[in-house]
Amino acid sequence: MKTSQFHLVTQREVPNDAEIASHQLMLRTGMIRKLTSGIYTWTPLGLKVLRKVEQVVREEMDAAGCLEMLMPSVQPSELWQETGRWEDFGAQLLKMTDRAGREFAFGPTHEEVITEFARGELRSYKQLPVCFYQIQTKFRDEIRPRFGVMRAREFLMKDGYSFHISEDCLGRFYQVMFDTYSRIFERLGLKFKAVTADSGAIGGAVSHEFHVLADSGEDLLAHVPGSSYAANVEQAEAVAQGERAAPTEAMRLVDTPNAHTIAELVEQHNLPIEKTVKTLIVAASEDCEADFIALLVRGDHELNAVKAEKLPQVASPLRMATEEEIRKTIGAGPGSLGPVELPIPAIVDRQVALMSDFGAGANVDHKHYFGINWERDAALPEVADIRNVVAGDAAADGSGNIELIRGIEVGHIFQLGTKYSQSMNAVVMDENGRAQHPTMGCYGIGVSRIVAAAIEQNHDDNGIIWPEPMTPFDVAILPLNGHKSHRVRELAERFYRELRTAGLDVLMDDRNQRPGVMFADAELIGIPHVLVVGDRGLDNGVVEYRRRGGENSELPIEQVREFLTGQLS
RNA sequence: CGGGGUGUAGCGCAGCCUGGUAGCGCAACUGCUUUGGGAGCAGUAGGUCACAGGUUCAAAUCCUGUCACCCCGACCA
């Protein structure tokens, strides 16, 4: 491809509403253009990258024996009524009405459609196991789209669904998909980590997320270096450490007029933060006898909303009580709450249950108790894991101490079980002639998000540094002053022909731009291999070779083709 | 949805307070010069100042409403 025949429109200035590097670079390179909030056009340049990612995903899915298909993106509401997700999926589901007044959704995912397909197609265990997948545009009406295609409303996703006659078979296939995903991200040249995860709205028991590691990632991951332990912080089990010491202090009521937060309490009263307890009041579920329930975590710990929501007594979604509600139920403000004589039920974190001689609010404004001990001063309530793990915590599998890193979720695999086959009554005959609901797995990859995540992980001040498997062009040829120098132009043309014949995707910059512009654009769009053809080098029989993100060197003219095909094989 | 902010040329912004011919930089187009790190000079083109109403002789500017977009929180590939 020659730039004169391509649509290359780069920008020097950073667009105002792009916050993170990948979004800025995708706009500056012209890979994407925003149509409206969370909805983007992929330009020819961007599409080249998107297609490369898609192709790697497709090849590996095919290699794993999965079958590609294409389902409709517009789906009738009846299907979603069957599983109850017409309501449960919430406002993220983009709904629309046809001329006859029938309701539809633009598909955010395809469990319903594939299960409808399966109940028509699959009759016998002999057809199982089977895995169907598609690569398709999805729409989720995100509450807050941001970061360009990283969290867009319309996005390209690979979604796959497998059907099995037994949990055993599902488990084995799940492992195949786990390995397939690992191979996909390895092939794409990305640094990634697979973590155990919460399965969220999709449902199911076993679930792993695949994260591209980047400091700008929205997810926090807990892992133990050198061990296989890795979990999303949302889900990582927090293990209590140590044993409860015997009381050594008497409980005493202390005036704390200016301490409304743990930080103030610690600072003003010379109390180690590990000896304080935070009391959070949240709405209780209908199962609970009270309207509100208290959740207690150590002063330096954070409540984990995902864990809390799963407790039967806690309302889901989690809702913090307002100050007014707290005053009405407890008679003190949020800065002065604690377990002693608390009028509502409470659940304490595992670590809190092991504390002794600790400080907490007295449920009276401006007063705290210090030297509190369980059993002696307050009955120990129900104990549960309700906090986020922190760096240094022991991992739940005993493999060592947790480190926290950031990641961008680009893949998620689930063992769904029979949630959909049951609610939609998909059945197959087993070997005993009995009808059975097949057990299902579901496997997603955010194809468009991978493009952004790859940039997030691979860029510098000058632009993108593509991993070779997803670069829009393998090689750029920059003829300096080609319009003036015959030999420069001719050699550049010769390289262009030879390298294309050798199967490389070559971009030749024939714009007659000044050298600086050509260098800057080649670097901005991140082409991994750059050949600089100029009179200066030709006098010595060489051309300059630049490796994006690496070293520059000189190549004798006659070795260029061999060198590049070797680099790119 | 709650809280905050912004809408003026393709992009980045000024002008608004104090109403009176709509501006700057980048990008684009033409010509000449220049050519190993985003060139110089000269010229050209491009705007219902988000939209609707109001105040006024006169509104980008003041008032009211609407819409869109962005940022902070809960959701997710």
Side-chain angles (χ1 to χ4, degrees), chain A residues 9-20 23-24 27-28 30 33-39 53 57 89-93 108-110 135-160 181 197-202 209-212 218-219 232 234 305-306 309 316-320 322 407-414 442-453 462-463 478-485 488 511-524 532-538 543-544 546 552:
Chain A
V9 182
T10 58
Q11 283 169 239
R12 198 190 317 192
E13 290 181 47
V14 179
N16 182 34
D17 55 6
E19 298 278 308
I20 59 170
H23 188 196
Q24 291 175 353
L27 289 169
R28 288 186 56 206
R33 296 293 178 214
K34 184 169 79 175
L35 181 62
T36 184
S37 180
I39 300 182
V53 175
V57 171
F89 213 88
Q92 276 207 61
L93 193 61
T109 177
H110 280 65
I135 297 174
Q136 188 206 37
T137 297
K138 300 282 192 269
F139 194 98
R140 292 184 190 173
D141 198 357
E142 292 284 341
I143 298 163
R144 188 149 96 81
R146 59 184 136 174
F147 303 149
V149 298
M150 186 79 89
R151 180 187 294 272
R153 295 197 291 173
E154 187 178 293
F155 58 99
L156 191 67
M157 176 171 165
K158 187 283 298 176
D159 50 325
Y181 273 41
D198 180 60
S199 56
I202 307 284
E209 290 169 350
F210 288 78
H211 288 261
V212 167
E218 291 187 90
D219 281 303
N232 195 307
E234 279 182 349
V306 172
E309 269 175 17
S316 178
L318 189 75
R319 184 177 75 79
M320 301 294 286
T322 62
I408 300 163
E409 186 187 354
V410 290
H412 201 157
I413 59 177
F414 307 79
C442 148
Y443 318 94
I445 288 184
V447 177
S448 44
R449 181 180 281 182
I450 285 176
V451 176
N462 295 324
L478 309 185
L480 302 189
N481 300 316
H483 62 293
K484 271 199 171 171
S485 166
V488 164
R511 291 179 297 178
N512 284 349
Q513 279 286 3
R514 298 169 65 87
V517 175
M518 292 199 277
F519 293 143
D521 274 344
E523 281 158 11
L524 180 64
V532 183
V533 183
D535 277 315
R536 192 198 282 176
L538 295 200
V543 293
E544 186 175 337
R546 299 185 171 199
N552 299 345

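Below, chains carry the letters A, B, ... as their sequence lines are ordered, and counting in each starts from 1.
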Would the distance check show the side chain of [X] and the main-chain N or O of [Y] forming a donor-acceptor pair, the cut-off being under 3.5 Å?
X        : Y        : answer
A/Tyr443 : A/Tyr181 : no
A/Glu154 : A/Ile39  : no
A/Arg28  : A/Val14  : no
A/Arg146 : A/Arg151 : no
A/Arg33  : A/Leu27  : yes

Donor-acceptor pair under 3.5 Å, [X] side chain vs [N] base:
X        : N     : answer
A/Glu13  : B/G25 : yes
A/Asp521 : B/G38 : yes
A/Arg146 : B/C71 : no
A/Arg28  : B/G38 : yes

Any base atoms under 4.0 Å from [X], or only sugar-phosphate, or nothing? Heavy atoms, all strands.
X        : answer
A/Lys34  : sugar-phosphate
A/Asn16  : sugar-phosphate
A/Glu209 : nothing
A/Ala452 : nothing

Among B/C72, B/C70, B/A27, the nucleotide that comes nearest once only the side chain of A/Arg12 is considered: B/A27
Same-atom distance ([atom1]) from [N] to [M], integer angstrom:
N     : M     : atom1 : answer
B/U56 : B/C13 : P     : 36 Å
B/C11 : B/A27 : C1'   : 7 Å
B/G3  : B/C57 : P     : 39 Å
B/C29 : B/U21 : P     : 33 Å
B/G40 : B/G46 : C1'   : 23 Å
B/A60 : B/C16 : C1'   : 7 Å
B/G25 : B/C41 : P     : 11 Å
B/U18 : B/U64 : P     : 15 Å

Once you round it to whole Å, what is the distance between [atom2] of [N] and [atom1] of [X]?
X        : N     : atom1 : atom2 : value
A/Glu154 : B/C76 : CD    : P     : 20 Å
A/Glu19  : B/C69 : CD    : P     : 16 Å
A/Lys158 : B/C76 : NZ    : P     : 19 Å

When you measure from the side-chain N and O atoms of [X] to the phosphate of [N], is any distance below 4.0 Å, counting only OP1 and OP2?
X        : N     : answer
A/Thr10  : B/G38 : no
A/Lys138 : B/C76 : no
A/Arg140 : B/C75 : no
A/Thr109 : B/A77 : no
A/Arg514 : B/A39 : yes

Complementary nucleotide of B/C41, counting Watson-Crick and G-U pairs under 3.5 Å: B/G31
Identity of whatever pairs with B/A22 - Watson-Crick or G-U, under 3.5 angstrom: none
Closest-nucleotide 5' rank along RNA chain B - winner of A/Val14 and A/His483: A/Val14
5′-ward residue of the pair A/Asn552/A/Gly446 relative to RNA chain B: A/Asn552
A/Asp535 side chain near A/Lys484 side chain, heavy-atom distance below 4.5 Å: no
A/Phe519 side chain near A/Val532 side chain, heavy-atom distance below 4.5 Å: yes
